[in-house]
Structures are given as structure tokens and as C-alpha cells.
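Heads up, the thing below is written out as C-alpha cells.
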Amino acid sequence: ADLRNFVFEKFIKKNNETKENKEKQENKTSVVEIVKDEPEKNNFTGFIIKPLEDYYFSSKLKNILEGKQVHFSKRSLDYDRELVNRSMNIIKKGKINSNVFYEITDDDTLIIFGSGRMESQPYLRVDNQIYSKRNIKRVIIENGITNVSDNAFEGCEKLYFIKIPDTVVSIGKNSFRGCSSLEFIDIPNSVKTIGEYAFYDCGALKELNIPDSVTKIGCWAFAYCSQLKVINIPKDIEKLELCIFRGCCSLSKIILLAKYPPEILDENLLSLPNLYNECSLYIRYGKIDLFRENDKWNKFLNIIEDKSTKP
């Protein structure tokens, strides 16, 4: 389909609507219109053509004024479609801590809102009854939340879709551990730290773009992401902790545009020797000698300079 003509025909209206209002909402005009696509760059350009008030958006689209031109990736666009035509009937409400609250919809979507830090909670309590987070399929974290807490979604095997706002600065340890249905996560460039075991055993995760804002990644953070093929390592990372890619048996491309090779604390960055022949390492232009002279980085057979970083 020609994405120049693609239009979001329906988007999510916030909760507490009557059935009559929902029927009217279905007939309203589009929220976003795509006016230009760049398939070679996998990017798209569009305009906000309706007010954003009372609508849920990903971090790519939040806080953008009506009529202002926006840019976002095809991947982000595809995942925004998950929310199209989805009703949001709130069936449970509760509190995580004094300033952070949640709502759960009848289609197992968890909405987290408020301000400040989330506290780690092994379960959600609704009307003095325990609601297991393992039933959650989608998570929307609204602007104002500043972290994804330790163990926040650990073991949520049904979770396949999450939106993190650009107010979040840290992703805690074990936060997505064992989320075996999670294929993609859009980490905003506000995040500075990723905790230990954060994405451990996310077996469906295929691609991960870590923004350059991240300066610290904990040990075992991506271990046993068995389908992970492409990962971008932030340019200001100074060291890679123990077992960070242990069991990542599908890696085919690592992008590392740092000025200097980060220290590798493990004896081997990749746990399988054959991966050094199959996985290509893309580095900053003019830095190839530094990597070839490094006893741990020079194990990569294919070290490729990214010409787009040429001065």
C-alpha cells in the first residue's frame, strides 16, 4: 500500500466515554496524515491534523502541536497501529505509590500515569484483591513517569507491546526479564541507564536500538535474547559488563560508533565463537586500527567503517 495515502482513521479516546460517544468517535476525522515517505531510510513525515488532547500517543508523537510536521520511523508507525480501533473500557484502577496510578482495560492493557518514580510492585492490588501482571498484553506509560521500576514487568509472558515516554530516565533491573512475547521496544533518548538483567530472556526480541543518551548498561542485560539480530550500542558507553550478550545466538550486526573501543569485562563479548565470523561490527570511520589492535574487539572477522561518520 502507498503509505503516502495512509491515514490513521481512528485513534484512542481516553477512558470514561459512553457508548454513544464512542460511536461518534468512530466517525471523526484522522489524527495523523502521512504526506511523505522515504522507504530507503525507513522514515515517514506527516502532519498532526487534530488536537492531541485526550489521545494516547507514543513518545514519538507526544507534545506536538496541531499542524506541526512530525517525523517517525516505520517501526514506530506500525506499533502505533496496535492502538487503532481499540476500545479502552476501564475495568480496574489502583495505585502503585503515592504519585503513580494505574488503570487496566478489558483487553488487558495496563495504563500507568502520574508523576515521579514507579516503585517496584510484584503484583497489582485492586479492591483488596491481587491482579497478576502476567495477564498484561499491552502497557502504556504516560508522560510524567520517570523510571521503569525494578522487576516492573518481569515474567509478563503475554506482553508484546509497550510505550515508554521521554520523561523516563532509567530502566530498572529485571524490568522486562522473561517477556517472551516482546518483539520490539522503543527506548526514548531520555533514558540514561539500563539495569542488570533488564531484557534477560526476551526470546522474541529481534532488534534493539539503544539511544546515545544511555551511558550505563548492567550485566546480563540482553542475555539469552535468542532472536536478537541487530543492536546499536550507545557511543558513550565506556565498558560492557559481564555476560551482556550471553546466549544471543542470532546476532548478525552490532553498531558501535564510539570514539574508542569500550572495555569488555567478559573474556568474550559473544558467547559462541562462530558468531565472530557471522556478526558484522560497524564502527566510526577512521577508528578501525583501534579495534584491530584491541585483543577482544579484533576477534570480529568483519569490522566495517561506517562511511556516514566520515568527517
In the structure I gave you, are the side-chain heavy atoms of [X] and [Y] within less than 4.5 Å of one another anywhere?
{"X": "Phe176", "Y": "Leu205", "answer": "no"}
{"X": "Ile171", "Y": "Ile187", "answer": "yes"}
{"X": "Tyr260", "Y": "Leu290", "answer": "yes"}
{"X": "Ile217", "Y": "Ile210", "answer": "yes"}
{"X": "Lys299", "Y": "Tyr276", "answer": "yes"}
{"X": "Arg292", "Y": "Ile303", "answer": "yes"}
{"X": "Val100", "Y": "Phe113", "answer": "no"}

What distance separates [X] [atom1] from [Y] [atom2], expressed to the nearest 0.5 Å?
{"X": "Lys239", "Y": "Lys216", "atom1": "NZ", "atom2": "NZ", "value": "7.0 Å"}
{"X": "Ile112", "Y": "Ile140", "atom1": "CD1", "atom2": "CD1", "value": "10.5 Å"}
{"X": "Cys243", "Y": "Tyr197", "atom1": "SG", "atom2": "OH", "value": "7.5 Å"}
{"X": "Ser180", "Y": "Gln227", "atom1": "OG", "atom2": "CD", "value": "10.5 Å"}
{"X": "Ile283", "Y": "Leu257", "atom1": "CD1", "atom2": "CG", "value": "9.0 Å"}
{"X": "Asn274", "Y": "Leu272", "atom1": "CG", "atom2": "CG", "value": "5.5 Å"}

Quick one about Lys296 and Asn268 (side-chain donor to acceptor, distance below 3.5 Å, no hydrogens or angles considered), yes or no?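 There is no such pair (donor and acceptor under 3.5 Å, judged by atom type) between the side chains of Asn268 and Lys296.
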
Indicate whether the side chain of Ser308 and that of Asp306 have a donor and an acceptor atom separated by less than 3.5 Å.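 Asp306 and Ser308 do have a side-chain donor-acceptor pair below 3.5 Å.
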
Side-chain heavy atoms nearer than 4.5 Å, only ILVMFWY residues, links allowed to pass through others: does that put [X] and [Y] together?
{"X": "Ile244", "Y": "Tyr224", "answer": "no"}
{"X": "Leu281", "Y": "Ile288", "answer": "yes"}
{"X": "Leu275", "Y": "Tyr282", "answer": "no"}

Checking Lys137 against Tyr160 for the side-chain contact (heavy atoms from CB on, under 4.5 Å) test, could you report, in this order, the C-alpha distance in whole Å, the side-chain angles of both residues, the deciding distance, and whether it holds? CA-CA 6 Å; Lys137 297 178 181 178; Tyr160 69 91; 4.0 Å; yes

Counterpart residues, side chain to side chain donor-acceptor pair (under 3.5 Å), relative to Asp266 (two or more places apart):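 Applying side chain to side chain donor-acceptor pair (under 3.5 Å) to Asp266 gives none.
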
Using side-chain contact (heavy atoms from CB on, under 4.5 Å), reason through Leu251 and Ile231 one step at a time and then give a plain yes or no. CA-CA 8 Å; Leu251 270 176; Ile231 189 166; 4.1 Å; yes

Given salt bridge (charged side-chain N to carboxylate O under 4.0 Å, His left out), test Arg138 with Asp107 step by step and report yes or no. CA-CA 9 Å; Arg138 290 162 294 275; Asp107 64 351; 3.5 Å; yes

Pair Arg284, Lys259 - check side-chain contact (heavy atoms from CB on, under 4.5 Å), show working. CA-CA 7 Å; Arg284 182 186 290 267; Lys259 292 182 179 180; 4.0 Å; yes

Where do Ile111 and Glu142 land on the side-chain contact (heavy atoms from CB on, under 4.5 Å) test, with the steps shown first? CA-CA 7 Å; Ile111 305 165; Glu142 292 193 349; 3.9 Å; yes

What about the rings of Phe222 and Tyr200, do their centers lie closer together than 6.0 Å?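 Centroid distance Phe222-Tyr200: not below 6.0 Å, so no.
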
Do Lys93's NZ or CZ and the ring of Tyr102 fall within the cation-pi criteria of under 6.0 Å and 45°?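 Ring-cation test returns no.
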
For the side chain of Thr167 and the backbone of Ile145, is there at least one donor-acceptor N/O pair under 3.5 Å apart?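 Yes; at least one donor-acceptor contact below 3.5 Å.
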
